[in-house]
Amino acid sequence: MPIVAADTGSSDYQQVPQGTHNAICYKIVDAGTAMNEFQGELKKQHSVWLFWELPDLRMDDDRPMSISHKYTLSLYKTAALRNILQNWRNKPFTDKELEGFDITKILGVTCKVSVGLTSGGRDKVTGVFCADGGPKRVETENKAVIFDLDEYCKEWTGESTAESKAMCDILDELPAFIKWQIVGCDEVGKEPVPACFEVQAAKAKGGDKVVVNEPQEADPFEEDDIPF
């Protein structure tokens, strides 16, 4: 199903060096809708995580390094996602595309990713740009994955399918902090995190008594070759 926009904590973590690197998107995660603080106010935001592998940078075991970043799922004129997607493909969206653009089209597509540091000294994505020669769809070394939240929610509504069960497997492999953003966390010793609104609603539809407390809201290239 399309996803339309109108510190993993792991022991094998290796920090991506600062700079601009060749990259390929290999994972897209629909993390659902939650209340997030924005400019001092709580706002309802639908977020998506993008993951890139960096083929020119290798880990100690020769796997490509990777990095991820969370974006609000929006193509509003000031939205970060709109900015990076337009930079990625090196052309603006048409009015028709702005009515609804399936971001799963970027899976397996090349680009360049700029990496800087957080205030705590961790690597972070600071920009996404067009690949040399233009974006191309290529094979990824990591398995190319899309976490479809709508499909996953069928596990809670009594509409379980092979696809929804596959989403459970993908969910289990996500970094814990992203998994918690989707399904919540009530583990002893950890700060409670509510599930995203979509999962809460699915649980309620499936019979769980879930209360949804929702506050009020380069080289030249031919454009015909652009894969998204």
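These numbers come from a predicted model, not from an experiment.
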Backbone of [Y] reached by a side-chain donor or acceptor of [X] within 3.5 Å:
X	Y	value
Asn90	Cys130	no
Glu163	Glu151	no
Gln14	Asp60	yes
Gln200	Ala195	yes
Glu159	Ser164	no
Thr110	Lys136	yes
Thr126	Ser114	yes
Glu53	Asn142	yes
Glu198	Thr33	yes
Gln86	Phe93	yes

Should we say atom CG of Asp186 is surrounded by more than 12 heavy atoms from elsewhere, each under 6.0 Å from it? no
For Asp169, look at atom CG and say whether over 12 heavy atoms of other residues, nucleotides or ligands are found less than 6.0 Å away. yes
For Cys196 and Leu149, which heavy atoms make the closest approach, and how far apart are they? SG-CD2, 4.0 Å
Sole residue of Thr72, Asn36, Asp30 in side-chain hydrogen bond (donor to acceptor under 3.5 Å, both in side chains) with His46: Asp30
Parallel, tilted or perpendicular: rings of Tyr71 and Trp52 (30°, 60°): perpendicular
Classify the ring geometry between Phe51 and Trp49 as parallel (under 30°), tilted (30 to 60°) or perpendicular (over 60°). tilted
Output the distance between atom CG (Leu81) and atom CH2 (Trp88), rounded to the nearest 0.5 Å. 9.5 Å
At what distance, to the nearest 0.5 angstrom, does NZ of Lys77 lie from CG of Leu98? 12.0 Å
Kindly work out whether a path of hydrophobic side-chain contacts (I/L/V/M/F/W/Y, heavy atoms less than 4.5 Å apart) joins Ile67 to Ile106. yes
Check the hydrophobic clustering (I, L, V, M, F, W, Y; side-chain heavy atoms under 4.5 Å; chains of links allowed) and say if Leu57 and Phe129 are grouped together. no
With a 4.0 Å cut-off on N to O distance, would you call Glu173 and Lys27 a salt bridge? no
